[in-house]
Amino acid sequence: MAGGRNKLTATAVEKRKAPGRMSDGAGLYLNIAKTGTKSWVYRYTPKGGKVREMGLGGYPGTTLAKARDKAQESREIVAAGSDPQNERNKQQGTTFGQAADAFYKSMLTTWTNEKSRMQWKRTLEVTCKPIRNMAVANVGTTEILSVLTPIWQKTPETAARTRMRLERVMSYSKTRGWRSDENPAQWRGHLDTLLPARQKHSKKHHAAMPYDDVPVFYARLTDLPGLSSSALQFLILTAGRTSEILNARWDELSADKELWTIPAERMKARKEHVVPLSPQARNILNVLDEIRQSDFIFPGQNPQKPFSNMALEMLLRRMKVTDATPHGFRSSFRDWAGDTTSFPREIAEAALAHAVGGVEGAYRRGTALDKRRQLMVAWADYCTANEANNVVRLRN
């Protein structure tokens, strides 16, 4: 035990249960989490830098003797003026950044929403920047906490999504054989013992325009030229989601344009959705068909890409509409159907591509299309009635 080293014994390491740290001396510690998980940590100060910690492996996979050997190797690197973490990362395979990029690429086809893609990309490239150059095999609880702790209470929703994304990447890395330890980003039974509970907030809903105001708004909308106006009109008439509308393709339409079939991979529930189109919706398509220049019904500046995800939001801002969102028109439609018509509940839910189970689900599969066609025609007539100066409440 000369020089204050080798303070621990194998028996003490095995028997220690209480959470905390046991020092073996010269920067080597056994860390015991509240869950009982044990791991080795080496604490050091690189030349000209601040105190750092690096994981040396979990116990009992890494024995006391092995931990001492790893710590000594690290001490020699520090003595030579280098940083042992940097040296280890150079030697040990795939970095976290490489693993994260590979995971992101593998998931691209499953994310139908451009906003989701951008949020994932920002998390993995910006929020996780402090650990991107680390070998993914060496990313442990300490490194995960270094990413999460600064944002855990400041932006709790972002922090929760970041933790979930870290867990996914680490799980993917283990499956690919890039690491072997347990997932350090796991919440239950691990991080939930280290991070304080987040303050829960009530779920925020998309602001929706009252359905009584929709006909007047729709009349204003039809007076505006441009593709964004046509796209928002089509969204309102079909009660579709923004991503479904902006990614719509001509080959998804039936020959007579009476049906629009959205493939499963573009639907939130991953189930194909058939939308019966009203005459008003078909009129919009007929006008656009005459100037077709892309496979997309609503192409962006680059015809090979869809319209910008923010285009409809920006249109509402230009129209000085601050208390409604494009997605909120789905709620406007649902409230109108429930309050002013006698269409069955399951028909309105099916029109929104909401999952309906049990007897309702069976009824929906058997009769929904014809009923939904009637519902969508009634909704379109309601939305456009102000143009004919004949606003009425329609019932089936």
Side-chain angles (χ1 to χ4, degrees), residues 111-116 205-209 211 214 217-218 221-222 227-254 257-289 295-300 306-316 321 324-338 343 346-356 364 368-369 371-384:
W111 294 323
T112 58
N113 190 312
E114 182 63 26
K115 184 177 180 181
S116 294
H205 296 278
H206 294 275
M209 181 177 292
Y211 62 81
V214 172
F217 171 79
Y218 193 91
L221 192 59
T222 57
L227 198 59
S228 58
S229 174
S230 297
L232 187 53
Q233 292 173 52
F234 194 71
L235 177 145
I236 293 171
L237 296 179
T238 59
R241 297 179 176 89
T242 301
S243 62
E244 296 164 7
I245 303 301
L246 298 185
N247 287 281
R249 293 175 174 269
W250 288 107
D251 60 9
E252 295 170 358
L253 302 173
S254 61
K257 297 188 179 70
E258 290 194 358
L259 294 176
W260 171 31
T261 302
I262 310 175
E265 60 267 23
R266 291 210 297 104
M267 292 300 299
K268 184 177 181 180
R270 295 297 185 269
K271 292 183 179 180
E272 182 181 274
H273 182 50
V274 180
V275 182
L277 298 175
S278 64
Q280 293 91 329
R282 295 201 300 273
N283 287 340
I284 294 172
L285 295 174
N286 289 334
V287 172
L288 295 176
D289 199 4
D295 292 336
F296 291 104
I297 296 175
F298 303 102
F307 219 39
S308 167
N309 195 49
M310 286 298 295
L312 305 189
E313 293 276 4
M314 296 303 296
L315 175 60
L316 288 176
V321 176
T325 64
H327 192 88
F329 285 104
R330 287 167 56 83
S331 294
S332 305
F333 163 78
R334 185 63 184 88
D335 291 343
W336 166 85
F343 284 96
E346 62 269 20
I347 296 302
E349 290 296 301
L352 293 169
H354 287 166
V356 181
R364 176 172 65 86
L369 191 58
K371 287 286 187 180
R372 284 196 288 120
R373 187 188 305 280
Q374 296 174 41
L375 175 61
M376 301 317 293
V377 168
W379 169 242
D381 288 344
Y382 174 81
C383 292
T384 60

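Atoms considered below: every heavy atom in the structure, side chains included; atoms not considered: hydrogens, waters and symmetry mates.
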Side chain of [X], backbone of [Y]: donor and acceptor closer than 3.5 Å?
X: N286; Y: R282; answer: yes
X: S254; Y: L259; answer: yes
X: S332; Y: Y211; answer: no
X: T325; Y: A207; answer: yes
X: R372; Y: V274; answer: yes

Can you name the closest pair of heavy atoms from [X] and [Y] and give their distance?
X: F343; Y: A378; value: CE1-CB, 4.4 Å
X: V377; Y: P279; value: CG2-CD, 4.1 Å
X: P299; Y: L227; value: O-CD2, 3.2 Å
X: Q280; Y: D381; value: NE2-OD1, 2.9 Å
X: A324; Y: A208; value: CB-C, 4.3 Å
X: A337; Y: L375; value: CB-CD1, 4.3 Å

Distance check, rounded to the nearest 0.5 Å: [X] atom [atom1] versus [Y] atom [atom2]?
X: C383; Y: F329; atom1: SG; atom2: CZ; result: 9.0 Å
X: T238; Y: F333; atom1: OG1; atom2: CZ; result: 9.5 Å
X: R249; Y: N247; atom1: CZ; atom2: CG; result: 7.5 Å
X: W260; Y: L285; atom1: CH2; atom2: CG; result: 9.0 Å
X: I262; Y: S243; atom1: CD1; atom2: OG; result: 8.5 Å
X: M310; Y: S228; atom1: CE; atom2: OG; result: 12.5 Å

(message) Show, in sequence, the C-alpha distance, side-chain angles and deciding distance for F217 and I236, and conclude whether the side chain to side chain contact (heavy atoms under 4.5 Å, CB included) test is met.
(response) CA-CA 11 Å; F217 171 79; I236 293 171; 3.9 Å; yes
(message) For R241, is there an ion pair with E244 - N to carboxylate O distance below 4.0 angstrom?
(response)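 Yes, E244 and R241 are salt-bridged.
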(request) Let me see the working for R373 and E258 under side chain to side chain contact (heavy atoms under 4.5 Å, CB included), right down to the final yes or no. (result) CA-CA 9 Å; R373 187 188 305 280; E258 290 194 358; 3.9 Å; yes
(message) Show, in sequence, the C-alpha distance, side-chain angles and deciding distance for K257 and W250, and conclude whether the side chain to side chain contact (heavy atoms under 4.5 Å, CB included) test is met.
(response) CA-CA 9 Å; K257 297 188 179 70; W250 288 107; 4.1 Å; yes
Please examine the side chains of [Y] and [X], heavy atoms only from C-beta on, and report whether any two atoms are closer than 4.5 Å.
X: L232; Y: L235; value: yes
X: P263; Y: E252; value: yes
X: L246; Y: F296; value: no
X: I347; Y: Q374; value: no

(message) Please determine whether side chain to side chain contact (heavy atoms under 4.5 Å, CB included) holds for the pair I245 and F307, giving the CA-CA distance in whole Å, both sets of side-chain angles, and the decisive distance to 0.1 Å.
(response) CA-CA 9 Å; I245 303 301; F307 219 39; over 6 Å; no
(message) Which label fits W336 and W379: parallel for a plane angle under 30°, tilted from 30 to 60°, or perpendicular past 60°?
(response) tilted
